Amino acid sequence: MKTDIPIPDTRNSKLETHSASAAWMNRGKRTLMNTYARQPMVLMRGQGVRLWDLDGKEYLDFLAGIAVCNLGHAHPAITEAVCRQVQDLVHVSNLYHTIPQIKLAERLVELSFADRVFFCNSGAEANEGAIKLCRRYSWQKFGPDRYKIICAANSFHGRTLATLSATGQEKFWQGFAPLLPGFVFVPFNDPAALEAAIDNQTCGVLLEPVQGEGGVKIPTADYFPEVRNLCDKHNLLLILDEIQVGLGRTGRLFAHEHFGITPDIMTLAKGLANGLPIGALLVTEEVAAGFVPGTHASTFGGGPVVTAAALTVLEILAQPDFLAEVKAKGEYFLNGLRQLQPRHRFIQEVRGLGLILGIEIDGDGVPLVDSCREKGALINCTQGNVLRFLPPLVVSREEIDRFLAILDDVLP
Ligand SMILES: Cc1ncc(COP(=O)(O)O)c(C=O)c1O
């Protein structure tokens, strides 16, 4: 029989719970499927940019649940919106209208290029919907022969079979063949390669404005205008996956605003409800006609609680100066990282746009993730050698300084 291990309240005291952490981790290892390389810690509580584990140890969270808790942990306005909504209505399905969902769609339309919105529950589900919509719109308008979507090498679009097929990283494909046909890969930030890949079966282009999982790769300023022109010239839909870098992460509400273009379809998820599961498909009126009743659906999509939370997130992001502060803090952080570079020859390149930043290092990044954690900072590593920093957008300059001091300490 399992004995229940008490979860102590770590708010006020450092409790002697080291053995409790190990016991919980062992229980997790026995029963959860083995799909994640989890860090050896049990997280209990968060406040702003700080997290505490079961042992009462405090961490600076420079990952924000992988660009999700953009307004920090336990934001009081979001907590209040969620608690209020839970008391009224949690779920009724999309067979009925609910007011938070309609208000959120209206707000997203006001703030973006889009005319219409479809809600789902995750990033992969949003991209899955975008792929379906792109094919169906093309089928309706141009007939059955166009179905190919051009994607980028090193992209990441999710783990469902279709989004995996659209993800340009072979390491994620192993053992899942046959993948869905119709995805073509070209190097990111190379418009000539993209043009060469277009043929009379192509119906769309799917790209991240900045590649996050691909190693914080920021395209040159002329790339997206050229991609937009190619899409217009060949009647292709441009789908932008803003799941990681949308919603203020780069210092603009949507990352494509940096490049002076708009997509036909944009996918959002991660930060939209600051940690509650939500995904969204934002589209123009014309493209929205590709779906009609019965062609796409989601039982939980856009439920009252997550949409109430997301409305509050958008209210905060739309406050005057919020995004200007993200931009300024991003520049401050980038400068701080650049100042570390001459002191640590190990750093090969420093990259960043707003508050998605990374340093490419000469070697394996995983031990440095561990050293940062031991010193009280949470980060992660992509592509084996890129340390990625995604702090909540509410991070302060003082917290950035504290983090830079930890990094300075752990970098060889
Ligand atoms: C750019 C991008 N697209 C899609 C996804 C998949 O999102 P989810 O894990 O919510 O399915 C991710 C997740 O990291 C992402 O970064």
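Since this is a predicted model, take the numbers as computed values, not measurements. We count residues from 1, following the sequence as given. Whatever order the structure lists them in is the order used to number ligands and atoms, beginning at 1.
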Which ligand 1 atoms are under 4.0 Å away from a heavy-atom of N127? 3 (N), 4 (C)

Within the 4.0 Å heavy-atom shell around E208, which atoms of ligand 1 are there? 1 (C)

Quick note on ligand 1: atoms under 4.0 Å from a heavy atom of A124 include exactly 6 (C), 7 (O), 8 (P), 11 (O)

So L323 and R252, side chain to side chain contact (heavy atoms under 4.5 Å, CB included) or not? Walk me through it. CA-CA 6 Å; L323 293 174; R252 305 292 287 262; 5.7 Å; no

Salt bridge flag under 4.0 Å for residues D264 and R228: yes

Does a side chain donor of either S138 or R146 reach within less than 3.5 Å of an acceptor in the other side chain? yes

Between R159 and ligand 1, find which residue part has any heavy-atom pair under 4.0 Å and reply side chain, backbone, both or neither. neither

With heavy atoms of Q244 as the reference, note each atom of ligand 1 found under 4.0 Å away. 16 (O)

Test: R159 cationic atom under 6.0 Å from F172 six-membered ring centre, within 45° of axis: yes

Can you tell whether the side chains of R84 and E80 come within less than 4.0 Å, N to carboxylate O? yes

Give the residue and atom name of whichever protein heavy atom lies nearest to atom 7 (O) of ligand 1, and the separation in Å to one decimal. G123 CA, 3.3 Å

Do the ring centers of F185 and W173 come within less than 6.0 Å of each other? yes

Where does H157 meet ligand 1, judged by heavy-atom distances below 4.0 Å: at the side chain, the backbone, both, or neither? backbone

Under 3.5 Å between any N/O of E125 and any N/O of ligand 1: does that happen in this structure? no

Aromatic ring proximity F389/F403, centre distance under 6.0 Å: yes

Measuring to protein heavy atoms, does anything land under 4.0 Å from atom 11 (O) of ligand 1? yes

Give the residue, atom name and distance (to 0.1 Å) of the protein heavy atom nearest atom 3 (N) of ligand 1. D241 OD2, 2.7 Å

Could you list which atoms of ligand 1 come closer than 4.0 Å to a heavy atom of I243? 2 (C), 3 (N), 4 (C), 5 (C), 12 (C), 15 (C)

Less than 4.0 Å is my threshold; does some heavy atom of I66 fall inside it relative to ligand 1? no

Without hydrogens or angle criteria, can the side chains of H73 and D61 be said to hold a donor-acceptor pair below 3.5 Å? yes

Should the proximity of K270 to ligand 1, defined as any heavy atom under 4.0 Å, be assigned to the side chain, the backbone, both, or neither? side chain

Below 30° counts as parallel, above 60° as perpendicular, anything between as tilted: where do the rings of F291 and H296 land? parallel

